[in-house]
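Data block below; observations after.
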Amino acid sequence: MVEPVLKWAGGKRQILHEIRACFPPESDVNAYHEPFFGGGALFFKTGPHAPGSSINDINERLMSFYEVVRDDPEDLIELLEGFDGPESNPDPDRDFSKENRKGKEIDQYYYQQRELYNRRPNGEDYNKVEEAALLMYLNRTCYNGLYRENQSGEFNVPIGRHSEANWVQASRILDAHRALQNVNIECGDFSYVLDHASEDDLVYFDPPYKPVSRTSSFVEYSSEEFGPEQQERLCEVAVELNDMGAHVAISNSPPMRELYEYLDEFQVHDIGAKRHINSDSDGRGEVGEIIVTNVPEDNRREKTAYLDQFVKADGGEE
Ligand SMILES: C[S@@+](CC[C@H](N)C(=O)[O-])C[C@H]1O[C@@H](n2cnc3c(N)ncnc32)[C@H](O)[C@@H]1O
């Protein structure tokens, strides 16, 4: 198992095994696709993946980062090794060592790096590996490993409280580099997968969703970024994938059950474990989730592993 390189909101550390248990056995799967990649916890947990597999996210800088991890890991590690601690003084030899573009004083190294990252990456001095290193540095030293942009697309998360932040993570980068070989890295809307997947491929969707309270309804559960309309579109894409013979699994929040429970080809399961998420109000909370899948219950990874045990045991006794 490869560890994710980045921390990412919505990462599924605690329930990885429950989701994976709904996947079909590896021998039934051709390529693997993950259209809402984020930190890619499932991708890294379940590899290696067949050539032709793909990952995608709508976040351009994120997918550019993974291209650098796949194609240029040594340069990325070298750049990361050159960074100072987040609370150190700003580097006087680099831009923004005293104030940001808005004239606000910069007194910590972290905020200088954040300002550098927020230069729009379209000038002559744009460097893809440098931008990837800044993303990784900020991800590992910012508050809670969050990725959040303001309306102008600027990364605006404050410095985190780390006694010993480790922003280099060379072995994770090299492991991820190997896991990403022969994988197509896309950047756009999740529906790209209709052009990439084919029969017997496995597609795992993990769309963004916010915590919901017991009293939330479908209508109340809406975010500008990924509201009910997008959820319906996701359901349509899942149906199309099912029709082409692909295996589909979708993580979602409990109110989305109503989109799938009347479709014969899909089953909806509650995932018992709780996971920590950041809520808007008080920082951290716990939510239940559902997993929707078209993989028949008797052909899931967990079930087949269980049956394999008996086949092996029977064989041994003969
Ligand atoms: C819940 S996170 C995925 C977390 C991931 N499973 C992990 O292990 O870290 C959802 C991701 O969907 C991306 N996203 C939002 N809208 C999208 C869209 N329309 N198409 C593709 N990706 C989208 C976000 O940028 C975010 O990274």
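Computed from a prediction, not measured in an experiment: that's the story for all the values here. Remember, it's 1-based here, ligands and their atoms both numbered in the order they're listed. We use all heavy atoms of the structure for the numbers below, so side chains are in, but hydrogens, waters and symmetry mates are not.
With sequence neighbours excluded, no residue forms a side chain to side chain donor-acceptor pair (under 3.5 Å) with S64.
Ligand 1 places these atoms under 4.0 Å from at least one heavy atom of G38: 9 (O), 27 (O). Close contacts of ligand 1 with D189, meaning ligand atoms under 4.0 Å from a residue heavy atom, involve 18 (C), 19 (N), 20 (N). Of all the atoms in ligand 1, the ones that sit under 4.0 Å from a non-hydrogen atom of G188 are 20 (N), 21 (C). Heavy-atom proximity to N56, at under 4.0 Å, picks out these atoms of ligand 1: 21 (C).
Within the structure, the closest approach of F37 to ligand 1 falls below 4.0 Å when heavy atoms are considered.
The residue among G39, P4, P35 with a heavy atom at the shortest distance from atom 7 (C) of ligand 1 is G39. Here atom 26 (C) of ligand 1 lies nearest to D57 when heavy atoms of D206, D57, L16, V193 are compared. Between the choices Y204, Y192, F190, the shortest heavy-atom distance to atom 20 (N) of ligand 1 belongs to F190.
Cation-pi geometry between R61 and Y117 is satisfied (NZ or CZ under 6.0 Å from the ring centre, within 45° of the ring normal).
Looking at P207 against ligand 1, only its backbone comes within 4.0 Å, counting heavy atoms. Of the heavy atoms in L42, none comes closer than 4.0 Å to ligand 1.
Between H196 and H33, the ring planes are perpendicular. Angles over 60° get that label, and only those under 30° would be called parallel. Between F37 and Y66, the ring planes lie perpendicular to each other; the angle is over 60°, past the 30° to 60° tilted range.
Considering backbone and side-chain atoms together, P208 places no N or O closer than 3.5 Å to any N or O of ligand 1.
With rounding to the nearest 0.5 Å, the separation of CZ in F205 from CZ in F190 is 7.0 Å. One distance of note links CG of L116 with CG of D91; it measures 9.0 Å at 0.5 Å rounding.
Remark: D72 does not engage K128 in a salt bridge, criterion side-chain N to carboxylate O under 4.0 Å.
For the 3.5 Å distance criterion, the side chains of Y209 and Q231 fail to qualify, holding no donor opposite an acceptor.
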